[in-house]
Amino acid sequence: MTETQYRSVFTDATQQQRNHNFDDYWLFTQNHGGELFEAKKDLQKKRARLEYFQDNPVSLRRPLADPEAFYRNYVELHDDPKTLDRRTLLLCAIYKFARHEWVGIKAAWDVHPDMADCHTVQTKISRVHLAEEFCHVRLFDEMLKTCGLDKVEWVPLSPVKEKIYRMFPKLPGFILNAPAFVTELMGVTFYFHLYDKFDDILADEPEVRDRLKQLLDEITIDEVAHVGQRRNYIGSLGIKIAKYLVKPFYTGFFKDIPETAELFDIPQMIRDGETFDFNGLHEHMFERTWIPTYCKPAAA
């Protein structure tokens, strides 16, 4: 953990500060992901990083005792979660979290203009942001394959949930911005707890543990920057609303992934979301991610 004290992500910011940070984030993201491959929903540097992992695979020394337990429960939980081993629960939780992300970004990608039709910094940022999210789903898929699960299918949610996800990106900004920010914050909070859970559950599989951490780092570094980027859309009233939304959003979302209640301290996740200030990042992440200037220490 860094000794530098960053400010809360809920720190107030003027419109001028936020405008400056949009420009700064755009400069960051152009270098961070490389060229956008629009037809593939991919980014040059992200693709290269995934190919590195694929070209240098690692695998469990001791395969999952019952892979069919995962395949039986990974889309919908059918077994009593208390009868499932913790690795199976963890992998099901990872899939279900990533599946929600996949459904959401598909809906947003389809309504957002192509880069050629993006004429503001904000719309360009959003297009690249969505491409990064598709890259994250590929990294989650690689996590599952690293654990020997190579028959995973990415399937739609229920028709009602799919409709909600399709409607969400069409909402006007004054309604959309605070919930969108909270969903990004929820992702980062989950990833921090997931990182620690790898140490707990995969202590006897150091190669796979370290590979999953590397894959998760690639996602978390982007998502931390996304938290700052989405924060940038929100004014003084909106950020107060966003903080109020943390508890109900986290509670409702993780209730839909029952495995998380068996593995994670959800109340602590909520507290971490409400007090998020960037100080919990691992040191190596600071050089690769982006944080709004108004959340940085005054001397930074």
Side-chain angles (χ1 to χ4, degrees), residues 9-15 17-19 21-23 25-26 29 36 38 41 96-137 154 156-190 222-257 269-270 273-274 276 290 292:
V9 75
F10 297 98
T11 297
D12 203 4
T14 66
Q15 184 65 58
Q17 286 175 309
R18 291 188 286 125
N19 287 341
N21 276 272
F22 275 124
D23 293 335
Y25 182 84
W26 175 237
T29 201
L36 170 64
E38 188 114 32
K41 305 180 181 69
K96 287 173 182 169
F97 189 97
R99 180 190 180 200
H100 275 276
E101 181 167 313
W102 174 70
V103 170
I105 59 176
K106 279 197 310 170
W109 183 270
D110 290 341
V111 302
H112 194 281
D114 292 349
M115 184 61 81
D117 295 318
C118 292
H119 303 300
T120 67
V121 169
Q122 287 92 334
T123 54
K124 291 177 182 178
I125 285 171
S126 294
R127 195 60 169 173
V128 174
H129 177 147
L130 290 170
E132 287 181 339
E133 299 283 11
F134 278 107
C135 295
H136 296 172
V137 175
W154 295 90
L157 295 168
S158 70
V160 172
K161 291 175 184 175
E162 288 276 336
K163 185 174 182 179
I164 292 170
Y165 273 113
R166 287 196 301 271
M167 292 172 57
F168 187 69
K170 298 177 183 179
L171 295 172
F174 72 91
I175 297 175
L176 171 68
N177 290 335
F181 163 73
V182 174
T183 59
E184 296 289 350
L185 184 62
M186 182 168 59
V188 169
T189 309
F190 176 68
D222 291 349
E223 290 292 343
V224 168
H226 291 177
V227 165
Q229 177 239 329
R230 292 303 320 182
R231 165 65 189 90
N232 226 33
Y233 283 94
I234 307 173
S236 299
L237 175 60
I239 201 62
K240 292 183 177 68
I241 294 171
K243 191 169 186 178
Y244 173 80
L245 291 176
V246 168
K247 185 174 182 178
F249 268 48
Y250 281 44
T251 301
F253 183 84
F254 288 114
K255 186 177 181 180
D256 198 47
I257 306 177
M269 279 197 201
I270 293 169
E274 292 172 335
F276 187 80
W290 182 87

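Computed from a prediction, not measured in an experiment: that's the story for all the values here.
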Engineer: Please confirm whether the backbone N or O of Ile234 pairs with a side-chain atom of Arg231, one donor and one acceptor, at under 3.5 Å?
Structural biologist: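 Answer holds: yes.
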Engineer: If we only count heavy atoms from C-beta on, is the Lys96 to Phe254 side-chain gap below 4.5 Å?
Structural biologist: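 No, every pair of side-chain atoms sits at 4.5 Å or beyond.
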Engineer: When you compare the side chain of Asp256 with that of Lys161, does any pair of heavy atoms fall below 4.5 Å?
Structural biologist: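 In contact.
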Engineer: Please list all pairs meeting side-chain hydrogen bond (donor to acceptor under 3.5 Å, both in side chains) that have one or both residues in residues 237-255, counting only residues at least two apart or in different chains.
Structural biologist: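 Passing the test, one end in residues 237-255: Thr189-Tyr250.
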Engineer: How many angstroms lie between NE2 in His226 and CG in Leu130, if you round to the nearest 0.5 Å?
Structural biologist: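 These two atoms lie 8.5 Å from each other.
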Engineer: Evaluate the side-chain proximity of Val246 to Phe276: yes if any heavy-atom separation is below 4.5 Å, no if none is.
Structural biologist: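 Counting from C-beta outward, Phe276 and Val246 never come under 4.5 Å.
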Engineer: Measure the CH2-CG distance between Trp290 and Asn21 for me, rounded to the nearest 0.5 Å.
Structural biologist: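 That separation rounds to 4.5 Å.
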Engineer: When rounded to the nearest 0.5 angstrom, what distance separates CD in Glu223 from CD in Glu101?
Structural biologist: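 With rounding to 0.5 Å, CD (Glu223) is 5.5 Å from CD (Glu101).
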Engineer: Is the shortest side-chain heavy-atom distance between Phe22 and Lys124 below 4.5 Å?
Structural biologist: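 Contact flag for Phe22/Lys124 side chains = no.
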Engineer: Write out all pairs satisfying side-chain hydrogen bond (donor to acceptor under 3.5 Å, both in side chains) with one or both partners inside residues 164-183, taking only residues at least two apart or from two chains.
Structural biologist: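 Counting only pairs at least two positions apart or across chains, the side-chain hydrogen bond (donor to acceptor under 3.5 Å, both in side chains) contacts touching residues 164-183 are His100-Tyr165, Asn177-Arg230.
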Engineer: With rounding to the nearest 0.5 angstrom, report the CE to CG distance, Met186 to Leu245.
Structural biologist: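 Going from CE on Met186 over to CG on Leu245, the span is 11.0 Å.
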Engineer: Counting only heavy atoms not in Met115, do more than 12 sit closer than 6.0 Å to its CE atom?
Structural biologist: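 Correct, the count exceeds 12.
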Engineer: Mind jotting down which residue pairs meet the salt bridge (charged side-chain N to carboxylate O under 4.0 Å, His left out) criterion with at least one end in residues 106-116? Sequence neighbours excluded, please.
Structural biologist: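 Pairs touching residues 106-116 that pass the test: Asp114-Arg127.
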Engineer: Nearest 0.5 Å, please: how far is OH in Tyr25 from CG in Asn232?
Structural biologist: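 Going from the CG atom of Asn232 to the OH atom of Tyr25 covers 10.5 Å.
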Engineer: Are Phe10 and Leu185 close enough that some pair of their side-chain heavy atoms sits under 4.5 Å apart?
Structural biologist: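 In short, these two side chains touch, coming nearer than 4.5 Å.
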Engineer: Is there side-chain contact between Ile239 and Phe181, with at least one heavy-atom pair below 4.5 Å?
Structural biologist: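 Yes, at least one pair of side-chain atoms sits under 4.5 Å.
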Engineer: Quick one: closest heavy-atom pair of Ala98 and Val137, and the distance?
Structural biologist: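 Scanning both residues completely, I find the closest heavy atoms to be O-CG2, 4.2 Å.
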Engineer: Kindly give the heavy-atom pair with the smallest separation between Ala178 and Gly238, and that separation in Å.
Structural biologist: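 That would be CB-O, 3.9 Å.
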Engineer: To the nearest 0.5 Å, what is the distance between CZ on Phe249 and CD1 on Ile270?
Structural biologist: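 It comes to 13.0 Å.
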Engineer: What pair of heavy atoms forms the shortest contact from Thr14 to Gln17, and how long is it?
Structural biologist: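 Distance-wise, the nearest heavy atoms are N-OE1, 2.8 Å.
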Engineer: Can you name the closest pair of heavy atoms from Trp109 and Ala131 and give their distance?
Structural biologist: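 Where Trp109 meets Ala131 most closely, the heavy atoms are CZ3-N, 3.9 Å.
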Engineer: Considering only heavy atoms from C-beta outward, does the side chain of Arg18 approach that of Pro292 to under 4.5 Å?
Structural biologist: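 With C-beta onward as the side chain, the pair stays apart.
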Engineer: Between His136 and Glu132, is any side-chain donor less than 3.5 angstrom from a side-chain acceptor?
Structural biologist: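 Their side chains do not contain a donor-acceptor pair, so the 3.5 Å distance test is not met.
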